[in-house]
Amino acid sequence: MLARQSQFDMQKIHSIDLNLTINSGQVFLWNKIGDIWFGIDGEDLLAISEPFKIISPSRKINRFFREDDDLSKILSEIEKDDLVKSAVKDFSGLRLMRQDPFQCYISFICSSNSSIQNIKRMLENLCKKFGDEMEFDKRLFFTFPKPEILSDASNKDLLSCGLGFRAKYVKQAAKMANLEKINFASLRKENYKSALETLKTVPGIGNKIADCILLFSLDKLESFPLDRWTQRILKKYYPKIFGDMQGKSLTEKKYSELHEKIVKYFGSYAGYSQQFLFKMERDLYKKNWL
DNA sequence: TCATCACCTGGAGA
DNA sequence: ATCTCCAGGTGAT
């Protein structure tokens with residue numbers, strides 16, 4: 001009886017909250033139509049109904065939501081203090097996703113100095129212009145453009161998608177991926193630091209964006225993207241521990257030093273802790289996504 | 001190594 | 001209406 005009860009609790013604790021997860025700043029190409037979420041992931045379309053059921057033809061079942069992670073172990077590992085504990089409790093259905101790397105890479109290059117709505121629009125435009133048409137459930141969708149297509153795109157066409165100064169970065173990044181100067185399968189095998197440095201050779205990718213790509217698509221769970229929000233969180237809740245980062249701009253050196261401290265404190269699954277804290281803080285300011 | 005500043009674009013607030 | 005400021009940063013002085 002006791003065993004059965006605790007098993008029930010575990011399942012409840014470990015059930016995925018789709019709305020929460022999709023609205024946590026990781027993905028941009030998701031829309032809820034009726035009570036079904038539709039999302040583009042590379043050349044795949046994911047359609048998911050509540051309670052959690054993937055209803056589209058996709059090979060990503062049991063992969064996309066990192067179902068292979070040992071969540072019990074990870075959560076107990078990151079619960080270093082009351083703040084993380086309460087965030088994990090309040091947002092218990094929140095998950096990291098394992099996105100298509102190329103899409104993730106282009107998406108976060110587009111994210112620089114922009115707003116969620118704007119990023120979403122840019123990416124939707126890219127899909128419409130360069131992606132493949134796809135029909136499902138009597139609806140029309142566009143997949144994310146392949147590297148070889150995007151690397152041949154004209155600057156004019158990229159600008160027409162609203163990319164602005166990011167157009168040249170996207171073009172160059174697509175070329176590097178297409179030529180396998182950036183090889184995602186290799187990056188996945190490399191260690192965090194090495195993969196980070198490789199990604200940063202791409203124009204338009206600095207520390208923050210590289211960390212997003214590593215965490216959201218390349219299984220580097222120690223990534224902890226340091227943006228305005230996560231910096232605010234550290235300053236606000238952890239002044240004693242991460243206090244010496246109060247310099248306005250996070251320089252190259254400070255970024256890596258801070259990251260080392262973060263991994264030392266939160267552990268090797270720091271990326272998960274980041275996601276819970278980030279979601280918590282954004283909700284506090286009523287910031288929403290999709 | 002560090003601090004400043006410009007940058008496409010569209011939405012929000014003055 | 002028109003302007004300014006800013007948004008999940010990065011690259012060039």
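Small disclaimer: the values here were computed from a predicted structure and weren't measured. Proteins come first, then strands; the chains are lettered A, B, ... in the order of their sequence lines, and each starts at number 1. We use all heavy atoms of the structure for the numbers below, so side chains are in, but hydrogens, waters and symmetry mates are not.
In terms of polar N and O atoms assigned as donor or acceptor, the side chain of A:Lys208 never comes within less than 3.5 Å of the base of C:dG9 in a complementary pairing.
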Give the dot-bracket string for DNA chain C, reading 5' to 3', where a pair is Watson-Crick or G-U wobble with both distances under 3.5 Å, ( ) marks pairs inside the strand, [ ] marks pairs crossing earlier ones, | marks a partner on another strand, and . marks unpaired.
.||||||.|||||

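When the C1' atom is compared between B:dG10 and C:dG11, the two are found 23 Å apart, to the nearest whole Å. Remark: the separation of the P atoms in B:dG11 and C:dT10 is 24 Å, to the nearest Å. Using P as the reference atom, B:dT1 and C:dG9 are 24 Å apart when rounded to the nearest Å. For C:dT4 and B:dA6, the P atoms lie 14 Å apart once the distance is rounded to whole Å. Between B:dC5 and C:dC5, the two P atoms lie 13 Å apart (nearest whole Å).
Not one N or O on the side chain of A:Ser114 forms a donor-acceptor pair closer than 3.5 Å with the backbone of A:Ser111. The main-chain N or O of A:Ser217 is never found under 3.5 Å from a side-chain atom of A:Gln99 such that the two would form a donor-acceptor pair. Formation of a donor-acceptor pair under 3.5 Å by the A:Lys168 side chain with backbone atoms of A:Gly204 is not found in this model. One N or O on the side chain of A:Arg166 and one on the backbone of A:Asn113 form a donor-acceptor pair closer than 3.5 Å. In this structure, A:Asn178 contributes its side chain and A:Pro147 its backbone to no donor-acceptor pair below 3.5 Å.
Atom-to-atom, OH of A:Tyr255 to C1' of C:dT10 comes out at 13 Å; the value is rounded to the nearest Å. The nearest whole Å value for the distance from the CG atom in A:Asp227 to the C1' atom in C:dT10 is 14 Å. In this structure, the CZ atom of A:Phe224 is 13 Å from the C1' atom of C:dG8, given to the nearest Å. The distance from atom CG of A:Asn207 to atom P of B:dT1 is 13 Å, rounded to the nearest whole Å. One atom, CZ of A:Arg282, and another, C1' of C:dG8, lie 6 Å apart when rounded to the nearest Å. In this structure, A:Leu250 atom CG and B:dA3 atom P are separated by 11 Å, rounded to whole Å. In this entry the distance linking CZ of A:Arg228 with P of C:dC6 reads 9 Å, nearest Å. Between the CG atom of A:Leu284 and the P atom of C:dG8 there is a distance of 16 Å, given to the nearest Å.
Closest of all the heavy-atom pairs between A:Ser223 and A:Tyr192 is OG-CE1, 3.3 Å. Here the shortest heavy-atom pairing between A:Asn191 and A:Lys220 reads C-CE, 3.9 Å.
Contact annotation for A:Lys253: backbone-only contact, meaning every heavy-atom pair under 4.0 Å involves sugar-phosphate atoms and none involves a base.
A:Arg66 pairs by the side-chain hydrogen bond (donor to acceptor under 3.5 Å, both in side chains) definition with A:Asp69, A:Asp219, not counting sequence neighbours. Scored by the side-chain hydrogen bond (donor to acceptor under 3.5 Å, both in side chains) test, A:Lys236 finds A:Glu281 as partners (sequence neighbours excluded). Residues passing the salt bridge (charged side-chain N to carboxylate O under 4.0 Å, His left out) test with A:Glu124, sequence neighbours excluded: A:Lys120.
The A:Ile209 side chain lies nearest to C:dT10 when the options are C:dG8, B:dT4, C:dT10.
Between A:Ser249 and B:dA3 there is a side-chain N or O to OP1 or OP2 distance below 4.0 Å.
From A:Asp41, atom CG reaches atom CG of A:Leu29 across 9.5 Å, with rounding to the nearest 0.5 Å.
Checked against the 6.0 Å centroid criterion, the rings of A:Phe224 and A:Phe278 do not qualify as a close aromatic pair.
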Within the sub-3.5 Å range, which N or O atoms of nucleotides 11-13 of chain C have a protein N or O partner, and how far apart are they?
unit_1, atom_1, unit_2, atom_2, d
C:dG11, OP1, A:Gly204, N, 2.7

In the 5'-to-3' direction, what one-character label does each nucleotide of nucleotides 7-14 of chain B receive under the scheme B = base within less than 4.0 Å of a protein heavy atom, S = sugar-phosphate only, - = no such atom?
BBBS----

